[in-house]
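First comes the structure, then the notes that go with it.
Computation of the quantities below employed the complete heavy-atom set of this structure, encompassing side-chain atoms and omitting hydrogens, waters and symmetry-equivalent molecules. Keep in mind that what you see is a predicted model, and the values were worked out from it rather than measured. When a ligand or atom number is given, it counts from 1 through the structure's own listing order.
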Amino acid sequence: MSGVAPIRKAVFPVAGLGTRFLPATKSIPKEMLPIVDKPLIQYAVEEAVEAGIETLVFVISEKKQAILDYFDTDAELQAHLLAQGKKDLHARICNIIPRNVTTTYVIQEEALGLGHAVWCARAVVGKEPFAVLLADDLIRSPGTGCLKQMVSEYHATGIGSIGVEEIPPSMTDRYGIVSVLQDATGRNRIREIVEKPAPAVAPSNLGVVGRYILPGEIFSTLESVRAGVGGEIQLTDAIAVQLASHPLLAHTFDGIRYDCGSRQGFIRATVDYALEDKELRHDLLSHFSLLNDSKN
Ligand code: UTP
């Protein structure tokens, strides 16, 4: 669709407390926990860069210095690796963020909720449509990454979207839940969105995952949203208000999502990514087979 504003900025809210990973997250940000050898935040950054994002906006808290350090240049380590002839490792730490991509940090002083974290990015994002990625939802796509799929759909329709997937009906109280209506093009338009409804009152079992393309107008709505479920300022509540004036699509992505904010999802992701790694696969499979033998 011509005349559609490009999606140039992505917001990464990484200022949460990560309580489900205590005690590790007492000193390590949840988003810095590695799946095999890359921190969760890097997977999300790579997905955004693949989607054509030019500015990465990290919403951090005072305690998340490790994230700034991670994306900063470490000249001493680079020189050391080069002196040791470790070119592969050198390339891995030099190319974390491509040169043409800018990073910016904004502070969320208190973890008041995801909606509040996104609102903290308002001055940097301005009025343009933008993406939001939650790094603890890790999405492994066979081809095109999830955000790039959503950006393509946005370019085709001029309408933003939210990543969704079917979840077990008994688990609606852990997700934002949407109900949808099919439009004339066969796409699913979001009719209603509710934060963590009990299974008995949930409008569907389509759960929101941490990928959004939102209009810049969301910031003025976030301004007036009050604390909702869990006493937090919820992004879902602002989106619900906005739906009346700004339609959004529910994007069922091609790929597997791991809820790396939970221990189960984190371990599953670790196993699946390790099985894809040529060096680790064989060792891991023989370890599993030994475990299996010892049970029988
Ligand atoms: P979560 O609710 O999953 O993360 O927020 P959490 O609060 O850090 O973790 P738990 O539930 O205590 O274990 C989803 C994303 O939103 C960010 C988090 O960092 C995470 O990436 N977030 C959440 C903020 O940036 N600020 C907030 O106030 C809340």
Going by an N to O cut-off under 4.0 Å, is there a salt bridge joining Arg189 and Asp183?
yes
Output the list of atoms in ligand 1 that are nearer than 4.0 Å to some heavy atom of Ala111, sorted by atom number.
28 (O)
Among Leu134, Val118, Asp137, closest by any non-hydrogen atom to atom 15 (C) of ligand 1:
Leu134
Report yes or no: does Thr157 contribute a side-chain atom to a donor-acceptor pair with the main-chain N or O of Ile159 at less than 3.5 Å?
yes
Who passes side chain to side chain donor-acceptor pair (under 3.5 Å) against Arg174, sequence neighbours left out?
none
State, to 0.1 Å, how close His251 and Glu153 come at their nearest heavy-atom pair, and which atoms those are.
ND1-OE1, 3.0 Å
Among all protein heavy atoms, pick the one closest to atom 25 (O) of ligand 1 and tell me residue, atom and distance.
Ala15 N, 2.8 Å
Is the closest basic N to carboxylate O distance between Glu47 and Lys148 below 4.0 Å?
no
For atom 12 (O) of ligand 1, find the nearest protein heavy atom and state the residue, atom name and distance (0.1 Å precision).
Thr19 OG1, 2.5 Å
Nearest heavy atom to atom 3 (O) of ligand 1, choosing from His116, Lys64, Arg20, Gln234, belongs to Arg20
Quick test: of every protein heavy atom, which one is nearest to atom 7 (O) of ligand 1, and how far off is it to 0.1 Å?
Leu17 N, 3.9 Å
Which ligand 1 atoms does Val14 reach within 4.0 Å, using its non-hydrogen atoms?
19 (O), 25 (O)
Check for me whether Gly18 has a heavy atom closer than 4.0 Å to any atom of ligand 1.
yes
Electrostatic pair Glu54-Lys9, nearest N-O below 4.0 angstrom:
no
Please determine whether any non-hydrogen atom of Glu232 lies less than 4.0 Å from an atom of ligand 1.
no
What protein heavy atom sits nearest atom 21 (O) of ligand 1, and how far off is it?
Pro13 O, 3.0 Å
Suppose I only count heavy atoms of Leu112 and a 4.0 Å limit; which atoms of ligand 1 are within that range?
28 (O)
Who's the nearest protein heavy-atom neighbour of atom 23 (C) of ligand 1, and how far?
Gly16 CA, 3.9 Å
Check whether any side-chain heavy atom of Leu285 sits under 4.5 Å from a side-chain heavy atom of Leu275, and report yes or no.
yes
Looking only at distance, does Glu31 have an N or O less than 3.5 Å from an N or O of ligand 1?
yes
Among all protein heavy atoms, pick the one closest to atom 9 (O) of ligand 1 and tell me residue, atom and distance.
Lys30 NZ, 3.2 Å
Is NZ or CZ of Arg140 both nearer than 6.0 Å to the six-membered ring centre of Tyr273 and within 45° of the ring axis?
yes
Sub-4.0 Å protein heavy atom next to atom 5 (O) of ligand 1
no
Taking 4.0 angstrom as the limit and counting only heavy atoms of Gln108, give me the atoms of ligand 1 inside it, by number and element.
24 (C), 25 (O), 26 (N), 27 (C), 28 (O)
Which atom pair, heavy atoms only, marks the closest approach of Ile93 to Gln78?
CD1-CG, 3.7 Å
Does Arg92 have any side chain to side chain donor-acceptor pair (under 3.5 Å) partners at least two apart in sequence or in another chain, and if so, which?
Asp37
Min over Ser262, Gly113, Ala117 of heavy-atom distance to atom 29 (C) of ligand 1 lands on Gly113
Taking atom CD of Glu223 as the centre, report whether more than 12 heavy atoms of other residues, nucleotides or ligands fall under 6.0 Å from it.
yes
shortest atom 16 (O) of ligand 1-to-protein heavy-atom contact is with Leu114 CD1, 3.6 Å
